[in-house]
Amino acid sequence: MSVAAITKDEILEILQEVKDPEIPAVSVIEMGMVREVIVSDNQVKIVITPTYSGCPAMGWIHNEIKKVLETVGISNLIIETRLSPAWTTDWMSDETKLKLKESGIAPPQNKTYELESSDLFNIIKVPAAIICPFCDSDDTKIISEFGSTACKSLHYCNSCLQGFDHFKCH
């Protein structure tokens with residue numbers, strides 16, 4: 001397929017195949033990481049924002065985007081990583097948050113706090129009560145502020161006795 005024959009919407013559909021390597025239940029599109037797709041006469045430019053600036057998966061994500069677009073004949077491709085504005089969990093849709101829950105990860109909850117100057121070095125807060133993704137109980141406790149990845153915290157449900165990750169709100 002030539003670049004001139006493909007639309008932005010078709011590229012966005014193709015990029016649904018690129019899963020977040022740390023959360024295979026959702027794609028980079030669903031995570032809100034793909035910020036722009038620009039199709040010109042002979043080139044496609046994809047702008048992506050990592051979920052945090054030091055995300056070790058960015059090289060893998062670049063390669064997967066390149067690979068899926070090459071399968072449809074798009075080889076003249078620029079992938080730009082943009083750090084500003086910083087990615088936020090607000091860019092996840094409600095459907096994405098439901099997919100997280102269905103895969104056993106408590107989704108980020110709405111920000112309900114205001115930062116104070118003493119919080120400058122602790123801007124990613126973990127709410128006291130996280131709803132268990134398995135039984136919906138709020139009788140949970142935090143085990144560690146870091147779960148299977150730095151963007152998650154580890155919790156335990158006192159009702160169903162399951163451990164689970166919570167995707168931190170940021």
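Basis for what follows: all heavy atoms, side chains included, without hydrogens, waters or symmetry-related copies. Positions are given from 1 along the sequence.
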Check this for me: Glu13, atom CD, are more than 12 non-hydrogen atoms of other residues, nucleotides or ligands nearer than 6.0 Å? no
Over 12 foreign heavy atoms within 6.0 Å of NZ, Lys99: yes
Applying side-chain hydrogen bond (donor to acceptor under 3.5 Å, both in side chains) between Asp165 and each of Ser148, Ser103, Ser153, report the one that passes.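 Among the candidates, only Ser148 passes.
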Member of Thr140, Asp139, Asp138 meeting the side-chain hydrogen bond (donor to acceptor under 3.5 Å, both in side chains) criterion with Asn158: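 With Asn158 as partner, side-chain hydrogen bond (donor to acceptor under 3.5 Å, both in side chains) holds for just one option, Asp139.
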Does the pair Lys67/Glu70 count as a salt bridge with the N-to-O cut at 4.0 Å?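 Here Lys67 does not pair with Glu70 in a salt bridge, since their nearest N and O are not under 4.0 Å apart.
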Identify the two heavy atoms, one from [X] and one from [Y], that lie closest to each other, and give their separation to 0.1 Å.
| X | Y | answer |
| --- | --- | --- |
| Cys135 | Cys132 | N-SG, 3.5 Å |
| Ser27 | Gln16 | OG-OE1, 2.8 Å |
| Pro107 | Lys101 | CD-CB, 4.1 Å |
| Pro133 | Gly104 | CG-O, 3.6 Å |
| Ile143 | His155 | CG1-C, 3.9 Å |

Side chain to side chain, [X] and [Y], heavy atoms closer than 4.5 Å:
| X | Y | value |
| --- | --- | --- |
| Trp87 | Met92 | yes |
| Lys141 | Ile130 | no |
| Asp20 | Glu30 | no |
| Leu83 | Thr49 | no |
| Val39 | Ile11 | yes |

Among all residues two or more places apart in sequence or in another chain, which pass the side chain to side chain donor-acceptor pair (under 3.5 Å) test with Glu80?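 Side chain to side chain donor-acceptor pair (under 3.5 Å) check on Glu80 returns Lys45, Arg82.
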If the condition is side chain to side chain donor-acceptor pair (under 3.5 Å), which residues does Ser53 pass it with, not counting sequence neighbours?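 Ser53: no side chain to side chain donor-acceptor pair (under 3.5 Å) contacts found.
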Which value, rounded to the nearest 0.5 Å, describes the distance between Ile131 atom CD1 and Cys157 atom SG? 9.5 Å
Suppose we screen for side chain to side chain contact (heavy atoms under 4.5 Å, CB included). Which residues come up paired with Ser93, at least two apart in sequence or across chains? Glu95, Thr96
Within 45° of the six-membered ring axis of Phe164 and under 6.0 Å from that ring's centre, is NZ or CZ of Lys152 located there?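 Negative - Lys152 is either too far from the ring of Phe164 or too far off its axis.
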Could you give me the CA-CA distance, side-chain angles and deciding distance for Leu69 and Ile14, then say whether side-chain contact (heavy atoms from CB on, under 4.5 Å) is met? CA-CA 7 Å; Leu69 291 178; Ile14 292 166; 3.9 Å; yes
Would you please test Ile78 and Val44 for side-chain contact (heavy atoms from CB on, under 4.5 Å) and show each step? CA-CA 6 Å; Ile78 295 174; Val44 172; over 6 Å; no
For Val26, the option from Lys97, Met33, Lys19, Met31 that meets side-chain contact (heavy atoms from CB on, under 4.5 Å): Met31
